[in-house]
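Here's the structure, in structure tokens; my notes come after.
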Amino acid sequence: MINLIADLGAGLLTRLVQIGQALLMLLQAIFVQPKASSLPRLMQQLFVVGVQSLIIMLVSALFIGMVLGLQGYTLLSAYGSEQAVGQMVALTLVRELSPVVAALLFAGRAGSALTAEIGLMKATEQLASLEMFGIDPLHRIVAPRFWAGMISLPLLVAIFSLVGIYGGHLVAVDWLGVYSGSYWGNMQQAVDFNEDVLNGMIKALVFAFLISWIALYQGYSCVPTSQGISAATTRTVVYSSLAILGFDFILTALMFGGAV
Amino acid sequence: MATNGIINIRNVSFYRGDRVIFENLNCAIAAGKITAIMGPSGTGKTTLLRLIGGQLQPHKGQVLLFDQDIARLNRKQLNHLRARMGVLFQSGALFTDLSVFENVAFPLREHMNLSADELYNRVLLKLEAVGLRGARDLMPSQLSGGMARRVALARAVAMEPEIILYDEPFAGQDPIAMAVLQRLIKGLNSQMQLTSVLVSHDIAEACAIADQVILLGEGRVLAQDSPAALQASADPAVKQFIHGEADGVIPFHFPALPLQEELRGQSK
Ligand SMILES: Nc1ncnc2c1ncn2[C@@H]1O[C@H](COP(=O)(O)OP(=O)(O)OP(=O)(O)O)[C@@H](O)[C@H]1O
Ligand SMILES: [Mg+2]
């Protein structure tokens with residue numbers, strides 16, 4: 001029994017130490033004054049992290065929007081209010097599904113790649129050799145990737161919502177025959193910029209922070225062997241996904257819970 | 001023992017968890033000479049280079065580089081010292097997202113204000129010296145292991161540093177490349193009065209160019225002497241290592257029962 005408590009305590013302690021280390025890594029990486037030469041590196045990472053995640057986002061957003069259009073239509077038409085389908089699709093996407101689904105996809109697509117890349121750099125002594133050239137790998141490698149994540153995900157979430165809404169339109173209006181004017185009109189009336197769009201973007205920013213942080217820390221601190229890198233990559237996806245879902249609940253409660 | 005070398009290791013102890021890697025290690029590396037560090041695999045040769053480069057901190061003792069205790073330097077001072085030092089990592093450690101040319105150009109771009117032409121010429125000359133000028137546009141993934149190591153060597157010497165640390169430069173090289181690399185290391189050393197620290201398992205090749213050999217084993221310096229003196233040494237451990245005998249004071253085999261007892265169907 002005492003052993004169990006001791007083990008639990010030790011486990012908790014190592015976790016806390018890890019979180020402390022991760023925080024320290026992040027602070028060292030992001031509090032540097034930017035130089036002119038860091039811009040091309042940021043652009044390159046924006047391409048790798050953001051642009052290369054675009055296809056998977058577009059396809060998923062289209063399908064999710066179509067499913068929402070279909071489900072919304074069947075549900076709402078039972079009450080004869082299928083004109084409201086546009087409003088339902090838009091609110092579901094902007095408030096919840098876009099940030100959460102885009103973030104989960106982002107963790108799987110970009111987060112895992114970041115961890116593997118940095119882990120491999122560590123294993124092949126590239127980080128050590130940067131250090132020996134007098135360059136801090138936290139500034140050179142970690143920082144641009146972090147900022148690229150912070151910038152990309154909110155943009156991807158915005159695109160996700162737009163494409164999803166279009167997907168809903170495709171099913172509800174073009175296929176099932178809802179009047180196009182009421183699809184857009186209801187949406188415009190129901191969606192509030194501050195309440196919905198801005199809150200969705202805040203979620204996206206929080207998720208971007210969590211994913212980038214987890215992915216970079218896992219890569220940077222991994223055991224530099226093939227098993228170590230693969231374990232770290234798995235941890236990135238698992239921890240990011242759990243963090244996204246957990247924080248989504250907390251944020252939703254804070255943002256929309258007051259009205260209840 | 002440790003006197004005024006350009007690199008001084010004073011009473012250094014270093015541990016990995018409970019494992020002792022070094023206990024009270026003392027040695028000095030003389031300026032302008034080639035010092036070979038040898039010893040069985042896993043004794044801590046790479047670890048020693050990392051202590052010298054300041055990437056690892058000793059648990060006890062001091063590492064003095066240019067007469068400065070590197071544990072007491074701040075980041076900026078340490079980086080300043082590191083710019084005077086070139087390192088060839090055991091795995092080469094080329095940047096995988098840069099071409100061969102850009103890899104060699106990397107330290108020059110970071111630390112020197114060369115014109116585009118000067119930079120280009122300097123990189124080409126370094127690549128020429130390792131026989132890979134023609135490979136300048138290849139990516140590291142397109143190189144063989146031995147080629148990658150030669151590119152890494154060109155990169156390590158690109159800054160024309162005062163100290164170069166080579167971790168196994170000869171591993172995976174054919175006899176021709178080996179001889180070229182030997183001449184290159186020797187040449188760099190004599191032309192520019194560089195201090196070279198060379199970790200190697202190739203006793204003959206390393207002894208041929210080294211002025212001094214430090215033999216590591218069991219967490220300490222087993223011997224520190226000129227190659228000729230070591231080859232004539234009567235010390236059993238030194239003799240065993242230099243002549244490559246499996247049986248002796250340094251165990252080659254992991255502890256086990258006698259072979260006859262373990263082979264099947266061989267009793268009596
Ligand atoms: N990151 C690490 N964590 C724990 N132990 C390590 C680590 N790196 C090295 N070691 C241990 O330290 C010892 C010395 O390692 P080192 O790499 O310095 O050996 P070496 O002399 O360079 O060997 P080789 O000739 O095979 O390259 C090894 O026995 C190794 O098990
Ligand atoms: Mg080694």
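First the proteins, then the strands, lettered A, B, ... as listed; each starts at 1. Given the structure is predicted, the values throughout are model-derived calculations rather than measurements.
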Mind listing the donor-acceptor pairs under 3.5 Å that bridge chain B and chain A?
residue, atom, partner, partner atom, Å
Arg50(B), NH2, Glu125(A), OE2, 2.9
Gln55(B), NE2, Ala128(A), O, 2.9
Gln55(B), NE2, Glu131(A), OE1, 3.1
Asn79(B), ND2, Gly134(A), O, 3.4
Arg82(B), NH1, Glu131(A), O, 3.1
Ser91(B), N, Glu125(A), OE1, 3.1
Ser91(B), OG, Thr124(A), O, 3.3
Ser91(B), OG, Glu125(A), OE1, 2.6
Thr96(B), N, Gln126(A), OE1, 3.2
Thr96(B), OG1, Gln126(A), NE2, 3.3
Glu110(B), OE1, Arg140(A), NH2, 3.1
Glu110(B), OE2, Arg140(A), NH1, 3.0
Glu110(B), OE2, Arg140(A), NH2, 3.3
His111(B), NE2, Phe133(A), O, 2.5

Within 6.0 angstrom of [X] [atom1], more than 12 heavy atoms from elsewhere:
{"X": "Phe247(A)", "atom1": "CZ", "result": "no"}
{"X": "Phe63(A)", "atom1": "CZ", "result": "no"}
{"X": "Ile55(A)", "atom1": "CD1", "result": "no"}
{"X": "Met112(B)", "atom1": "CE", "result": "yes"}
{"X": "Asp67(B)", "atom1": "CG", "result": "no"}
{"X": "Lys33(B)", "atom1": "NZ", "result": "no"}

### Task
Heavy-atom distances under 4.5 Å only: say whether Leu120(A) touches chain B with side chain, backbone, both or neither.
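Neither the backbone nor the side chain of Leu120(A) comes within 4.5 Å of chain B.
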### Task
Sort Leu81(B) into side chain, backbone, both or neither according to what part of it lies under 4.5 angstrom from a heavy atom of chain A.
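For Leu81(B), there is no contact with chain A at all, as no heavy atom is under 4.5 Å.
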